[in-house]
Each structure stands twice: as C-alpha cells, then as structure tokens.
Undergrad: 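Pasting in a structure now, in structure tokens, and then I'll have a few things to ask.
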Amino acid sequence: MLEINALNVAYGRVQVLFDVSISVPEGELVTVIGANGAGKTTLLLTVSGVLRPQSGEISFEGERIDSLRPHEIVGMGLGHVPQGKELFPAMTVLENLEMGAHMVREEDEYRRRLERAFEFFPRLSERARQRAGTLSGGEQQMLAIARALMAEPRLLLLDEPSAGLAPIIVDHLAEIILDLNRHGLTVLLVEQNAFLALEIARRAYVMESGLVVESGDTEDVLESDLVRRAYLGI
Ligand code: ATP
C-alpha cells in the first residue's frame, strides 16, 4: 500500500535520512522503532508531503506522492497523527473532530463518521463539549487519532502515540490501535517505545542515525542482538 524507496531527506545541508526503504502492505500494522533523533518524525513528515525528499520515491496505492502537497495526500486516504498531537486546545472535543472532517459536506455523512469515532473512543463522546486542552494526555492522544479518522484514511501514520503517557494508558492505546487495524485500517507506527511497538506490529524496521539497520517480521527483529541490547535491555 505504501512503498518508500531509497529516500534521502535533508534539513538544509544536513542530511538526516539515508536511502530509507520501507514497505507497508495493505491491512498490516508496521512499525519503525528508533531512538531520539533517528529520523522517524522526518520520515513521516516526508510521506505526508510536509517535507520534500532530495531523492527517492514514495508511492501510495501505486501512485507517486512524493511531489504532492499535504492536503492532496490526505485526500487520497493517507492520515497522519503528528507527534505532539497538534490539537486546538481552546476548542471542544467536538470542534476538533469537526476540523478533521472539514472536507465532508453532507450532514448525514459527518454524523456517520462522528458516531464511528465515538464507537472507538467512547470516552470522547462523554467529553464532547469539553475543551481539548483540559483532557488528560491519554485522552488528547485519542482525540488526535479520532480526528485523523474523521477523514476516513485507509492508511494511518502514527508518530509516537505513547510519548509522555503512563504505562496503563499506553496499554489501552495499544488495544485501540490493534482494534483499528483489525477493522481494516493499515497502520505505520513510529515509536521509541519498542515494547509497545513490537508487541502489536507484524513487521518492524529499526532506524539509527537516519538508516534502516534491521527489518523483518517482528518475532525475528525481537530476536536480533541489536534490538535485544539497544532497545529491550536484555
Ligand atoms: P524524536 O523521537 O526525537 O522525534 P526522531 O527519530 O523522530 O526523533 P527526527 O525528529 O526525525 O527524529 O530528527 C532526525 C534528525 O533531524 C535529528 O538529528 C534532528 O536533530 C534533525 N532535525 C529534526 N528537525 C529538524 C529541523 N527542523 N531542522 C534541522 N534539523 C532537524
């Protein structure tokens, strides 16, 4: 569904991604793990058209997207939940969700999408009239995901959803991500939290200093010396 081939990305003269190739088959949950600064956020920003690659190709469902603009890419069915969530804190939960569905003109369709978002996130339904800035960290992350779902993406890019959350909330979030995937959403999850990512993903890539240094089925990646030493501490 998503093919990233030999991607090179730089900020000015400083190159941060080197020949990165990643493949996300339809229906799968694929993860990219790596430490702070490995280039995970840069990768997702390039896929969603915010950054332009120096070279390399990105295709979504067989179409090249590496020279498209972000709104065109979202319109094709590729959603992005950015790191830091980028909610509108002074707006209510409902208003934030409306922003995610701004392209939906028909009221019935909007209602259908809202109901679906509330099915996955019942807590948000209870808090619909509350300002987003007053939600807990976990609820804000759920709102950020729900807002992206309002555009009905077929592929969702998730940038470190576990950041700053308590372990019990991370477990709950992992369940939700798995549930979304079981309902047909393809997911590319980037995470520093290797425990979370490797527990729920089928395939994994490990990035270090802008390079993919390991990849394969999650069970195999979990067995690799590099991952055991550097990420799992065993
Ligand atoms: P984190 O978990 O901290 O977000 P990451 O794996 O997502 O890390 P990136 O944020 O993609 O990593 O950063 C990759 C490299 O690019 C780092 O060395 C970082 O300092 C650098 N970098 C990120 N954003 C910029 C920018 N706007 N200008 C210059 N360099 C940047």
Side-chain angles (χ1 to χ4, degrees), residues 2-24 29-58 60 65-67 69-70 73-74 78-87 137-138 140-145 147-148 155-167 169-170 173-174 177 187-201 203-216 218 221-222 224 226-233:
L2 180 72
E3 290 291 338
I4 301 169
N5 189 19
L7 197 66
N8 288 287
V9 180
Y11 292 101
R13 284 194 189 171
V14 183
Q15 186 164 351
V16 296
L17 294 187
F18 299 86
D19 279 331
V20 170
S21 295
I22 283 173
S23 175
V24 183
L29 201 171
V30 175
T31 190
V32 177
I33 60 170
N36 225 337
K40 307 178 301 297
T41 295
T42 303
L43 174 71
L44 295 194
L45 289 174
T46 312
V47 171
S48 57
V50 176
L51 296 173
R52 285 267 171 264
Q54 284 180 312
S55 64
E57 293 173 6
I58 308 171
F60 176 58
I65 58 169
D66 43 81
S67 55
R69 291 164 185 274
I73 295 173
V74 174
L78 204 157
H80 187 171
V81 182
Q83 195 175 23
K85 306 178 272 288
E86 293 175 20
L87 296 170
Q140 290 193 19
Q141 186 61 61
M142 289 172 199
L143 178 55
I145 297 173
R147 184 178 60 180
L155 169 65
L156 192 64
L157 310 176
L158 280 171
D159 196 344
E160 287 194 35
S162 78
L165 300 182
I169 310 292
V170 172
L173 201 62
I177 296 168
V187 177
L188 177 58
L189 167 70
V190 314
E191 262 298 339
Q192 271 189 61
N193 183 336
F195 279 109
L196 161 73
L198 297 176
E199 199 175 292
I200 63 176
R203 286 185 60 76
Y205 292 80
V206 183
M207 279 184 70
E208 276 185 6
S209 309
L211 288 161
V212 172
V213 291
E214 188 92 47
S215 66
T218 312
V221 170
L222 266 167
S224 77
L226 168 81
V227 169
R228 289 166 67 85
R229 229 181 319 111
Y231 296 93
L232 304 176

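Computation of the quantities below employed the complete heavy-atom set of this structure, encompassing side-chain atoms and omitting hydrogens, waters and symmetry-equivalent molecules. Here, residue 1 is the first one in the sequence, and each next residue gets the next number. These figures come from a predicted structure and were not determined experimentally. Whatever order the structure lists ligands and atoms in, that order sets their numbers, starting from 1.
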Undergrad: What residues come within 4.0 Å of ligand 1, counting heavy atoms only?
TA: Tyr11, Val16, Ala35, Asn36, Gly37, Ala38, Gly39, Lys40, Thr41, Thr42, Gln83, Glu160, Gln192
Undergrad: Scan for salt bridge (charged side-chain N to carboxylate O under 4.0 Å, His left out) pairs involving residues 4-24, sequence neighbours excluded, and state none if there are none.
TA: none
Undergrad: Do Val74 and His80 have side-chain heavy atoms sitting under 4.5 Å apart?
TA: no
Undergrad: Quick one: do the Glu191 and Thr31 side chains pair a donor with an acceptor below 3.5 Å?
TA: no
Undergrad: Does a side-chain heavy-atom distance below 4.5 Å link Ser21 with Glu3?
TA: no
Undergrad: With heavy-atom distances below 4.5 Å as the criterion, would you say the side chains of Thr46 and Val20 are in contact?
TA: no
Undergrad: A side-chain contact here means heavy atoms from C-beta on lying under 4.5 Å apart; do Pro82 and Asp159 qualify?
TA: no
